[in-house]
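First the structure, in the form of structure tokens, and then the observations on it.
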Amino acid sequence: MKFLDFRAEVAKVVAKACLSLGYGSVEVELSPPPNPSYGDLSCAAPIRVAQRTGEKPGDVAVKVAGEVSGLLPGCKYIGSISPHRGGFLNFTIAYPRFLLDSVNAVLDQHDFGERPQAGKSYAVEHTNVNPNKALHVGHARNLVLGDSLVRIMRYLGNQVQALNYIDDSGAQVADVIVGFRFLGIPDVPPEGAKFDVYCGDSVYTKVNKEYLSNPQLKEKQSLVLREIEKGSGDIAEYATGIVNRILADQLSTCWRLGASYDLLNWESQLLHSGMWAVMFGKMKSKGLVRLETQGENEGCWVIPDPETGEQKVLVRSDGTAVYVAKDIPYASWKIGLIGDPFGYDVYQGEQPDGRRLYSTTLEGGKSDVRFGGAQVAISVIDSKQRYLQRIVSKVLEGLEEGASSRYIHRGYEVVALSRATASQLGHDIEGEYAHMSGRKGLYVNVDSVLSRLKERAAEETRKRNPEQPQAFVDDVAEALAVAALRYELLKQDPDKLIVFDVEESLRFQGDTGPYLVYTYARARRILERAGERPALGEGGAVKLRAPQERNLVRKMSMMDMAADAAMEYLSPREMAKFAHDLAVAFNDFYEGVQVIREADAELRGARLALVDASSLILGRSLELIGVPLRSRI
RNA sequence: GGGCCCGUAGCCUAGCACGGAUCAGGGCGUCAGCCUCCGAAGCUGAAGAGGUUCGCCUCAGACACCGAGGGUUCGAAUCCCUCCGGGCCCGCCA
């Protein structure tokens, strides 16, 4: 987009000026000025030059500015340059040209900054909720982070496979099966309850409580685990049925949140695929694992711990692989260190973006799509697993040089519950917050949060639109609920713990998702009400000289830069911040100038064009973080 | 014991990845304004305590010196070191 062009022009011109002044080649650092009155872009190059030559930074700035001035006639988007005595060069944009090109690129060429399909191929894994319970808000943080990342990566022209790993053979699933088969808990939820919610809230917690007083039940758990791992027989088949029912409910929640996937990877199939044996063999031949013949790990295959250098068990003395070990074949498959043993079937269900969802199978598969073998794999997994992920990465590196740089763990801090919210759930806690726990029943389900948000939103929407039908209110309220939750989970630094408070999350004002959706709708309604086509020509572009207008167009032309930053740091939050900044710039513009009521037809048309373009960009940026749009709310 | 992350006003948060320009941006909460005119889910402004004959008076304070302290630097919220506080991880559990 145009701001990058402007930036590139500035960089070029400064480098050229420094060269002809005999300063040699300098690194041109560019940054936004601290105060908009300084200009649109700042360059600190004179300070660097001054450090080398011993001159005063301000003097260098004056000299460079003088030299640059001579180059300006050949520039498209640089309006002016002024030196600052601190050694900065401040550049302004040549707004009429810049405005015209930026706005019309959006309106005429539908250029939203997407990059050509020239990126890399990625496998992004996220969500990964054990199929024994409903999603809670902590899972939602994972989903929102991963799904937004996928959207942004695709926007930037990358080939992305969104993977959702289904751990259908773990202890958590076994617990639910134990409840149904050995505690006589009915496998039908009470009227009106979702099956996943029922399994998590009622069955799973009940079984775990029972374990404490009933040691024999633990034996049933290992029995179920063995049966599931075997993959055949009555219990295994029953478990498959239960898992499928839970998964279907979980996916409906994921889709409700706007996420979509390309593939469901079943752990049971991974285990039966024979991949582990292949990888284990490779590890042995590369000398990455060692069979201990004495000591406490006697009979186990171990690798050195990346942190302490101590031993880390990979294969138990009974020959079974530990949890991390399962990740090794999966990771290897993702980045193509092993052939693809899977076939793929279509998984029934309609995803929000219409993409087809596939599911791994070991029975050939009816589709000829292929997955795995990406250049880079990104796993969105909470930071607690950093240590284990490092082990996986280290093993991969041992198998193939450079592999660890193609296997990236995108960690994030978890979501905890505020004291007030925990208390509402019937838990008295000690500190200010408490970590969620499925076993203790201390968590807040996504569905329940969404329904509360929706209720609140519906109330407000009805108030504002008394004449609209219920379906309208319902649709808008749902969108606002999703917007509120996604934005709240995304806007925060992933390295910071989120203390979730139900009451707090019901806030729709200020820096929230609904604010963004509102701003978008507000802009679209202006266009609807205007009843005339936006039109921006040379004359109109000259008339757009209010600072609010210029701020708005400058901001909107930086969307691709926000995406680049999000990609570089694997942090979709950059896009969330951009959307918010743009919304603020729009509201500032809205308060500052009149659009429909402007008497000058040319200026009115130009402002309409600006409203149109900037709102489309806002809409596009919201799509990239999965915040749903409505042209009216 | 080893490792990772966090610590910015009453509360929440941005800025840290490349150290710079005058008040370190926002939001929430509180108070006061702005809809006969493009959507008020928005925008603007304010913010010590006590007393009061309601005009002022008295005291306090110059509205986050970025957890504390050092160091590097012309310059540090940002880089380095130490410490303090909080969280997490280090199983032949998953």
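First the proteins, then the strands, lettered A, B, ... as listed; each starts at 1. Note that the structure is predicted; figures quoted are calculated from it, not measured.
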Do the side-chain N or O atoms of [X] get closer than 4.0 angstrom to the phosphate oxygens (OP1, OP2) of [N]?
X	N	value
A/R524	B/C38	no
A/R507	B/U13	no
A/K577	B/G25	no
A/Y433	B/G86	no
A/Q172	B/A94	no
A/H435	B/G87	no

Residue [X], side-chain heavy atoms: nucleotide from [options] that is nearest:
X	options	result
A/K496	B/U8, B/C38, B/G20	B/U8
A/Q509	B/A21, B/G91, B/C28	B/C28
A/I633	B/A94, B/G39, B/C28	B/G39
A/Y387	B/C5, B/U13, B/C89	B/C89
A/E460	B/A41, B/G42, B/C90	B/A41
A/I596	B/G42, B/A17, B/C38	B/C38
A/K384	B/C43, B/G91, B/C88	B/C88
A/R316	B/C43, B/G27, B/A94	B/A94
A/A171	B/G91, B/G26, B/A94	B/A94
A/R522	B/A17, B/G39, B/C88	B/G39

Worksheet item: Looking at A/Y515 versus A/Y518, is the centre-to-centre ring distance below 6.0 Å?
Response: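 Not under 6.0 Å, so no.
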Worksheet item: Quick check, are the ring centers of A/Y330 and A/Y165 under 6.0 angstrom apart?
Response: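 Ring centres of A/Y165 and A/Y330 closer than 6.0 Å.
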At 4.0 Å (heavy atoms only), tell me whether [X] reaches a base, stays on the sugar-phosphate, or touches nothing.
X	value
A/S383	nothing
A/Q594	base
A/P33	base
A/I47	base
A/E296	base
A/S42	base
A/G86	nothing
A/N297	base
A/F586	nothing
A/Y515	sugar-phosphate
A/E298	base
A/A530	nothing
A/R529	sugar-phosphate
A/V476	nothing

Tell me if the side-chain of [X] makes a donor-acceptor pair with the base of [N], cut-off 3.5 Å, by modelled atom types.
X	N	answer
A/E430	B/G87	no
A/T461	B/A41	yes
A/R464	B/A41	yes
A/R48	B/G20	yes

For [X] against [Y], the heavy-atom pair lying closest together:
X	Y	answer
A/A530	A/L608	CB-CD2, 3.6 Å
A/E413	A/R141	O-NH1, 2.7 Å
A/V392	A/V324	CG2-CG1, 4.0 Å

Worksheet item: Passes salt bridge (charged side-chain N to carboxylate O under 4.0 Å, His left out), A/R507 versus A/E504? Steps please.
Response: CA-CA 6 Å; A/R507 206 168 46 71; A/E504 191 71 18; 3.7 Å; yes
Worksheet item: What does B/U58 pair with, Watson-Crick or G-U, if both distances are under 3.5 Å?
Response: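 Partner of B/U58: B/A49.
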Worksheet item: Watson-Crick or G-U wobble partner for B/A77, using a 3.5 Å limit on both distances?
Response: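 The answer is none; no pair meets the criterion.
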Discussion item. Using heavy-atom distances to pick each residue's nearest nucleotide on RNA chain B, tell me which of A/G170 and A/A523 is more 5'.
Written reply: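 This one resolves to A/A523.
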Practice prompt. Assign each of A/F589 and A/R85 to its nearest nucleotide of RNA chain B by heavy atoms, then name whichever residue's nucleotide is nearer the 5' end.
Written response: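 The 5'-side residue here is A/R85.
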Length of the [atom1]-[atom2] vector between [X] and [N], whole Å:
X	N	atom1	atom2	value
A/D493	B/G26	CG	C1'	15 Å
A/R226	B/A94	CZ	C1'	16 Å
A/R390	B/C90	CZ	P	12 Å

Discussion item. Which residue is it: A/N90, A/L89, A/V14, A/T92? I am looking for the one with a side-chain contact (heavy atoms from CB on, under 4.5 Å) to A/I81.
Written reply: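 Among A/N90, A/L89, A/V14, A/T92, the one meeting side-chain contact (heavy atoms from CB on, under 4.5 Å) with A/I81 is A/L89.
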Discussion item. My understanding is that only one of A/D600, A/V595, A/I596 makes a side-chain contact (heavy atoms from CB on, under 4.5 Å) with A/E598; could you say which?
Written reply: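 The single option meeting the side-chain contact (heavy atoms from CB on, under 4.5 Å) with A/E598 is A/D600.
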Worksheet item: Are A/R419 and A/D501 close enough for a salt bridge, meaning some N to O gap below 4.0 Å?
Response: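 A/D501 and A/R419: not salt-bridged.
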Worksheet item: Ring stacking, A/Y38 with base of B/A21, under 5.5 Å and under 30°?
Response: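 A/Y38 vs B/A21: stacking yes.
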Worksheet item: With centres under 5.5 Å and planes under 30°, do A/Y518 and B/G39 count as stacked?
Response: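 Given the distance and angle limits, no, they do not stack.
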